[in-house]
Structures are given as C-alpha cells and as structure tokens.
Amino acid sequence: MVSEQGQATKNVCVIGAGPSGLVAARELRKEGHTAVVLEQNHDIGGQWLYEPNVEKEDPLGKNKFLDVHSSVYDSLRIVSPREIMGFTDFPFVSKKNRDTRRFPGHKELWLYLKDFCEYFGLKEMIRFNTRVEYVGMLDYGVFGKDLKWVVKSKEKKGEKRVEEVFDAVIVATGHYSQPRLPTIKGMDAWKRKQIHSHVYRVPEPFRNEVVVIVGNSLSGQDISMEIVKVAKEVYLSAKSLEVTEGLSKVISKHRNLHLYPQIQSLHEDGRVEFEDGSCVIADAVIYCTGYSYAFPFLDTKGIVGVDDNRVGPLFEHTFPPSLAPSLSFIGIPRKLIGFPFFESQAKWIAQVLSGKRKLPSYDDMMLSIKEFYRSRELAGIPVSDTHDIANFEYCDKYADYSESPHLEEWRKQLCLSAIVNSFTNLETYRDSWDDGDEELLQQALQSPHFTQLGVQP
Ligand SMILES: Cc1cc2nc3c(=O)[nH]c(=O)nc-3n(C[C@H](O)[C@H](O)[C@H](O)COP(=O)(O)OP(=O)(O)OC[C@H]3O[C@@H](n4cnc5c(N)ncnc54)[C@H](O)[C@@H]3O)c2cc1C
C-alpha cells in the first residue's frame, strides 16, 4: 500500500503492549502504517503490570511459556529519577493524589503508561488476552521486502485460535521474565524452597528462615535488603566479595546479613556449601541471577537464534539482515535509558518500513554485526553480555537513524548521578538527593521537555 504522501504503508503486528510495544504502535500509526498489538495480558504495561498471584507459576521458570510475565516485586521502586524516564513528548510528571516521589513505586510507572496509552488513543489498537504462539515466514525462501509473516495466536482464557498474515512483525516481548539459572551441583535434588526472583513478591514467606540469595545485582540487593528485616539469617552469595561502598554499608548495618562467595553445592539435608569451604543449613534459596532472552513463538528457520543469551544476528540489535525490514526487535539492549531509547528505535523501524529511511545492504549489516562482536570480544565482554550497552552514545546513534533529537544532556547527568549515589548510599539514594543533584534537576525542569510538554491532561 502507498500513503497519500507516497510512502509505503504496512500492515504490522506488534507483539507485546509493554512500554516498547506501546511506543511502537504510536510511531507506526504516525508513519501511516496499520498496526495491531497482540498482548497476552488483560492490560497494558508489561513488566509494570504488577501480578501478585504467583502461586501457580513454576518457581524456577522452566516452562516454555510462562503464565506470569511481570517479575516486579511489591516494594519495587524505579532505579532512576522519574524525570529521565518519560517518552520525549510525554514527561513523567508527578500528579496530585498519586505517588509523587522522585523514584516512585512500580504502580506509578504503570499509571504513567496508562496515561500515555489513553492520551494517544492506543488502546483501540491492542487485542488483549491474546498470546502469540507462532510467528513464521509465509513463504520461506522469498526473503527481502516482499516477505510476509504468519502469526498464530490464542485467546488466553478460551480455546479460540486466530491465524493472520502481516507485512511485518515487531517483537516487543521484553526480556526480564524467563529466569536464567546457574548450574549448581545438587540443585535438582534440593528438597527445600527454591525460587527465582521472577516469582518473588513479598518477604513474609521467608519470616524466621535462613535464606541464601544468589547474585548481588539490583534485584539481589533489593531483595536482600527487605528480607533481612524478617528472616533469621540472610547469606548473600556473590561472584566477588569486593562490593560497592553502598552494599558494604548495608551489610555492616544488619547483623544477620552476610556476604558469601559462590555456592559450590546444595545438599538434600539443606546444607549449602560455598566455594571457600564454608557451609550453612538453609530453608530457602532465591536465585537473583537474571533473565534469558526467549522467543518461544518465533520460527525463523534458524536465521535468528539465542545463543548464550546473544540474540542474533541483529543489525544494531534491531533487524536480522536477511529478514529486514519485515522482522524487527525493540528493547533488546539492556542498561540504556529505556523509554526514550525504545522510542528512537520504534521511530527508526516505522520509518524504515515506510521507505523513508534505508538500511545498509545485507553485506554491510553483517559486517557491522561482526565488527561489533569482535569489538566486544577484544574488550573482554562475555557473549552473554552482548546486549549490555551502558553507553549514552548508543541512544544518540538510534536518534540519528530517524533524524530525531539526541537524548538531552540533563537526562544523562541525572542518570549518572543516580548510579553514583546508589554505589555509595544503596539503602537511601532514592530518598536522599544532594544539592548538586537538585541543581541539575532544576535545570532539567527548565528544559522544553517539561516547560512545553509538562502539562498533561
Ligand atoms: C525487577 C525489575 C525492575 C526493573 N526496574 C527498572 C527501572 O527501574 N527502570 C527501567 O527503566 N527499567 C526497569 N526494568 C526493565 C523493564 O523491563 C523495562 O522498563 C520495560 O518494562 C521494558 O519494556 P518492554 O515493553 O520492552 O518489555 P515488557 O515490559 O516486558 O513488556 C513485554 C510485553 O510483551 C507481552 N508478551 C510477551 N510474550 C508475549 C506473547 N507470546 N504474546 C503476546 N504478548 C506477549 C508481555 O505480556 C508484556 O506485556 C526493570 C525490570 C525488572 C524485571
């Protein structure tokens, strides 16, 4: 199809109505495409649609399709100041009678997304309670721009199955749901409680228990800090015993929180042996060991795969060269300022689909991927961290692809300052804000993002 402006318009399926899928829907519509968003849940929000009921969820997430998508726990507050999180034209301002904290709880972010959805009239584009079970090429062998996709979905609560054909598919299914587990001797034989942080919600079930928490990244730290208030003893098992000043302060404050090395083995009688030969008897083990990329519905005949948590080959973590532009992914990179990044990526995809922007040739995209892998290897970054990109220039690069403005300097500064604060004051950084940061924030609030767009209906 061709729009009145002479651009190609496509019939696009977006999978997932989290932040990435929502902004993709908006950008596709802006660009003149017809888009439908298929969402397995009953509402929008993705990770931010809190699900307290995890009883039926398999605790180590071994099933192909999980029943519960969100891994968010009850007490979770965002890790960066709200000001930096909003989409570029829809600031995340605090509202009366809502959670007005600078680092609000998860519900506030969900409400922000609800507001975004309503403001841009996105709900009518979404089919809820619809799980995508299969995505495959209609005519395998015909690559390139004419390639079409078959999408098979199933109503979550019924048996109704639908099969549709689209010009393009955008995968926006997130990657913080499928538990990534370590391999530990004796893990399968362990008879006591054993869960992944994906199903952790509240500390109460661990009252008076001896708990081993595996992994000291964000979730491991957060969960340790709240479980320690009810548990008898908490052993935080980390890859390295060299920890940030912030975590070290927390450990010295709580007499029942101990830093231990990695687990060597688990035993049927409840013994947990650590690499330094020490041993404790525990009631529960909580794995805060991160998440795996998983696309259980996607059949690309082996063209796109996940290998050691690397999704590829993907040009700029977005387009598989031989299937571009009809198949794309949003939100694969981790550790970037999420929402504005998803927005640039969505703009770029929408514009490539309409023909406004051109992708490099297949050979050039493959070369770029190879060079990227090589540079990571030379920097000593493991394959499993391929998509960890803690680099603001990356956000700017994606903005350039769609000729959008770069990430504002104040966002970068506020983000860095929150990270630095968390390193030194882990327990309090969300509520203590020093004078320098306040000054930075006041500068941010004078920017067009807030002065021209800050008033939401
Ligand atoms: C504990 C935790 C804390 C976090 N804290 C922060 C934070 O402070 N700041 C921050 O910026 N980010 C944080 N994140 C990252 C968070 O994932 C992103 O903010 C954001 O939610 C990613 O958006 P997304 O749309 O890409 O994926 P998601 O939010 O995961 O949304 C994906 C959507 O796809 C749907 N879906 C999946 N599979 C299917 C299918 N087969 N069929 C149909 N629909 C499907 C899901 O139901 C979901 O609605 C956190 C994540 C976790 C787990």
Side-chain angles (χ1 to χ4, degrees), residues 13-25 36-51 64-82 84-87 92 103-106 108-110 112-113 116-117 126-135 151-156 162 169-180 196-201 217-223 288 290-291 293-298 317 329-343 345-346 387 411 415 418-419 422 430:
C13 174
V14 178
I15 311 174
S20 304
L22 290 175
V23 76
V36 59
V37 182
L38 303 184
E39 168 54 56
Q40 63 186 357
N41 251 320
H42 61 279
D43 209 338
I44 62 108
Q47 282 296 341
W48 305 100
L49 177 63
Y50 179 61
E51 175 52 71
K64 186 175 167 198
F65 283 101
L66 298 168
D67 277 333
V68 175
H69 180 79
S70 176
S71 304
V72 159
Y73 32 92
D74 194 41
S75 66
L76 185 123
R77 290 173 67 184
I78 59 173
V79 293
S80 43
R82 65 190 308 145
I84 72 167
M85 286 204 59
F87 293 114
F92 186 15
F103 295 74
H106 56 81
E108 187 59 21
L109 192 47
W110 177 66
Y112 164 78
L113 291 168
F116 176 76
C117 198
I126 307 169
R127 281 207 327 252
F128 291 106
N129 296 311
T130 304
R131 171 175 275 167
V132 172
E133 291 188 331
Y134 176 84
V135 173
V151 175
K152 296 182 190 172
S153 59
K154 179 174 171 282
E155 273 184 8
K156 210 172 171 188
V162 177
V169 170
I170 299 179
V171 179
T173 49
H175 45 78
Y176 290 100
S177 295
Q178 190 68 52
R180 184 155 52 139
H196 186 273
S197 54
H198 168 62
V199 292
Y200 173 83
R201 292 296 179 265
S217 59
L218 291 177
S219 307
Q221 295 179 359
D222 257 7
I223 294 173
C288 300
Y291 295 90
Y293 291 90
F295 309 99
F297 49 82
L298 190 59
H317 308 262
F329 295 75
I330 298 199
I332 296 279
R334 308 181 195 240
K335 302 193 174 170
L336 287 171
I337 299 181
F339 292 18
F341 170 71
F342 303 154
E343 188 179 337
Q345 225 183 352
H387 306 292
R411 286 204 206 230
C415 175
I419 294 171
S422 74
R430 291 182 174 94

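Read the numbers this way: they start at 1 and go in the same order the structure lists the ligands and their atoms. Reckoned from all heavy atoms, side chains included, excluding hydrogens, waters and symmetry mates. Starting from 1, each residue takes its place in the sequence as its number.
Partners of H198 by ring pair (Phe, Tyr, Trp, His ring centres under 6.0 Å), not counting sequence neighbours: none found. Listed by chain and number, the residues in a ring pair (Phe, Tyr, Trp, His ring centres under 6.0 Å) with H387 are Y293, H317 (sequence neighbours excluded). For R201, there are no salt bridge (Lys or Arg N to Asp or Glu O under 4.0 Å) partners, not counting sequence neighbours.
Geometrically, R334 engages Y176 in a cation-pi contact defined by less than 6.0 Å to the ring centre and at most 45° from the axis.
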If you look at each N/O of ligand 1, which protein N/O atoms lie under 3.5 Å away, and at what distance?
residue  : atom   : partner : partner atom : Å
ligand 1 : 8 (O)  : V79     : N            : 2.9
ligand 1 : 19 (O) : W48     : NE1          : 3.2
ligand 1 : 21 (O) : W48     : NE1          : 3.0
ligand 1 : 25 (O) : P19     : N            : 3.2
ligand 1 : 25 (O) : S20     : N            : 2.9
ligand 1 : 25 (O) : S20     : OG           : 3.3
ligand 1 : 26 (O) : S20     : OG           : 2.6
ligand 1 : 29 (O) : Q47     : N            : 2.9
ligand 1 : 30 (O) : H69     : NE2          : 2.7
ligand 1 : 41 (N) : V132    : O            : 3.1
ligand 1 : 42 (N) : V132    : N            : 2.9
ligand 1 : 44 (N) : Q40     : N            : 3.2
ligand 1 : 47 (O) : E39     : OE2          : 2.7
ligand 1 : 47 (O) : Q40     : NE2          : 3.0
ligand 1 : 49 (O) : E39     : OE1          : 2.6
ligand 1 : 49 (O) : E39     : OE2          : 3.2

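Under the 6.0 Å cut-off for aromatic ring centres, H106 and Y73 do not qualify, their centroids lying 6.0 Å or more apart. Ring-centre distance between F295 and F329: below the 6.0 Å cut-off.
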